[in-house]
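Owing to the predicted nature of the structure, the values given are computational and were not obtained by experimental measurement.
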Amino acid sequence: MKSAKRQFGDLGEDIACKYLEQKGYRVVERNYLRKWGEIDIIAQKGSILSFIEVKSVSWDSAFGSHETYRPEENMHPKKVLRLRRALQTYLLDRKIKEDQVWQFHLACVYLDEDEKKARVKLLENLVL
């Protein structure tokens, strides 16, 4: 049985996948997991391979703007290191060619569970 936190994260990832597909991405893989890190979503748009970290937060519309909390602030140095290692492992495991262009994105998903609404903010081509 999944924890409530894991279920919430899965919901955020599902929403992020739908958002990405609407923006022309094709989801290649989800939840690439190794001991040293995880990549939430691997997607392709055109010839560019994208690695997407999803950060989901709950937002109650009755209490105002979600802008007071920024999920991107959870990208602390240890998390970045784990992502970098997982990304390097993925490239080797899947035998991705060295000349393959890839990018890292952060999808911030704001969930209003009471209103059954979500907003996604995609921060593209970030440096790890």
Side-chain angles (χ1 to χ4, degrees):
M1 179 139 195
K2 291 183 182 179
S3 70
K5 184 177 179 180
R6 183 70 238 174
Q7 289 176 351
F8 186 80
D10 287 349
L11 176 60
E13 288 177 18
D14 291 343
I15 290 167
C17 282
K18 288 177 186 168
Y19 174 86
L20 291 165
E21 288 167 349
Q22 290 172 354
K23 297 293 181 186
Y25 289 84
R26 180 180 58 85
V27 175
V28 175
E29 193 169 338
R30 285 182 63 175
N31 303 113
Y32 175 80
L33 180 63
R34 295 295 179 265
K35 287 191 286 192
W36 46 88
E38 178 183 13
I39 304 168
D40 293 329
I41 301 170
I42 297 103
Q44 183 123 18
K45 185 174 183 179
S47 63
I48 299 174
L49 189 62
S50 297
F51 299 94
I52 299 116
E53 172 70 10
V54 179
K55 293 291 183 187
S56 304
V57 293
S58 182
W59 171 50
D60 186 341
S61 59
F63 293 103
S65 172
H66 63 282
E67 296 299 329
T68 56
Y69 177 75
R70 298 166 24 115
E72 56 269 30
E73 292 172 0
N74 279 340
M75 291 298 295
H76 47 79
K78 187 175 180 181
K79 177 67 176 174
V80 171
L81 178 62
R82 291 174 60 85
L83 275 166
R84 189 179 298 137
R85 286 179 182 162
L87 196 148
Q88 290 169 340
T89 304
Y90 180 88
L91 294 170
L92 291 170
D93 278 355
R94 300 300 188 261
K95 297 177 176 45
I96 305 296
K97 294 180 182 178
E98 287 185 28
D99 61 349
Q100 169 67 57
V101 177
W102 59 267
Q103 297 178 341
F104 174 75
H105 309 317
L106 177 62
C108 302
V109 180
Y110 301 90
L111 295 166
D112 184 341
E113 293 178 286
D114 293 334
E115 296 290 325
K116 304 286 187 232
K117 294 181 182 178
R119 175 178 287 162
V120 178
K121 180 170 70 170
L122 186 64
L123 304 174
E124 298 180 271
N125 201 16
L126 302 176
V127 176
L128 281 180

Subject >> Contacts of type ring-ring contact (aromatic ring centres under 6.0 Å, His included), residue Tyr32, not counting sequence neighbours >> reply: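 Only Tyr90 meet the ring-ring contact (aromatic ring centres under 6.0 Å, His included) criterion with Tyr32.
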
Original post:
Are Phe51 and Leu91 close enough, and set up right, to give a side-chain contact (heavy atoms from CB on, under 4.5 Å), and what steps lead you there?
Top reply: CA-CA 11 Å; Phe51 299 94; Leu91 294 170; 3.9 Å; yes

**OP:** Could you walk me through whether Asp40 and Asn31 pass side-chain contact (heavy atoms from CB on, under 4.5 Å), step by step?
**Re:** CA-CA 5 Å; Asp40 293 329; Asn31 303 113; 4.3 Å; yes

Answer whether the closest heavy-atom distance between the side chains of [X] and [Y] falls below 4.5 Å.
X      : Y      : answer
Phe104 : Asn125 : no
Lys78  : Leu83  : no
Leu128 : Leu87  : yes
Cys17  : Val27  : yes
Leu122 : Leu20  : yes

Original post:
Are the side chain of Asp112 and the backbone of Lys117 linked by a donor-acceptor contact shorter than 3.5 Å?
Top reply: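 No, Asp112 side chain to Lys117 backbone: no donor-acceptor pair under 3.5 Å.
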
Original post:
Are the side chain of His105 and the backbone N or O of Ile52 linked by a donor-acceptor pair below 3.5 Å?
Top reply: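 Side chain of His105 to backbone of Ile52, a donor-acceptor pair under 3.5 Å: no, none is there.
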
Subject >> Test side-chain contact (heavy atoms from CB on, under 4.5 Å) applied to Arg30 and Asp14, step by step >> reply: CA-CA 10 Å; Arg30 285 182 63 175; Asp14 291 343; 2.8 Å; yes

**OP:** Please test Asp10 against Arg6 for salt bridge (Lys or Arg N to Asp or Glu O under 4.0 Å), starting from the C-alpha separation and ending with a verdict.
**Re:** CA-CA 6 Å; Asp10 287 349; Arg6 183 70 238 174; 2.6 Å; yes

Subject >> Arg26/Glu21 ion pair, N-O < 4.0 Å >> reply: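 Not counted as a salt bridge, because no side-chain N and carboxylate O are separated by less than 4.0 Å.
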
Heavy atoms only: give me the nearest [X]-[Y] pair and the separation to one decimal.
X      : Y      : answer
Leu123 : Cys108 : CD1-SG, 4.3 Å
Ala86  : Gly37  : CB-C, 3.8 Å
Ile41  : Glu13  : CD1-O, 4.0 Å
Glu38  : Glu53  : O-OE1, 4.2 Å
Gly12  : Val109 : O-CG2, 3.6 Å
Ala118 : Ile15  : CB-CD1, 3.8 Å

Working to the nearest 0.5 Å, report the span between [atom1] of [X] and [atom2] of [Y].
X      : Y      : atom1 : atom2 : result
Leu49  : Lys97  : CG    : NZ    : 13.0 Å
Leu111 : Arg119 : CG    : CZ    : 12.0 Å
Tyr110 : Ser58  : OH    : OG    : 12.5 Å

**OP:** For residues 83-96, pull every pair meeting salt bridge (Lys or Arg N to Asp or Glu O under 4.0 Å), keeping only residues two or more places apart or in separate chains.
**Re:**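 Qualifying pairs, neighbours excluded: Glu29-Arg94, Arg34-Asp93.
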
Original post:
Heavy-atom count around Lys45 NZ within 6.0 Å, excluding the residue itself: above 12?
Top reply: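 Above 12, so yes.
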
Original post:
Counting only heavy atoms not in Lys18, do more than 12 fall under 6.0 Å of its NZ?
Top reply: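 Result for NZ/Lys18: open.
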
If hydrophobic clusters are built by linking Ile, Leu, Val, Met, Phe, Trp and Tyr wherever their side-chain heavy atoms come under 4.5 Å apart, do [X] and [Y] end up in the same one?
X     : Y      : value
Met75 : Val57  : no
Val54 : Val120 : yes
Leu81 : Ile39  : no
Ile96 : Val28  : yes

**OP:** Please determine, by modelled atom types, if Trp102 and Ser50 share a side-chain donor-acceptor pair under 3.5 angstrom.
**Re:**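 Ser50 and Trp102 do not have a side-chain donor-acceptor pair below 3.5 Å.
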
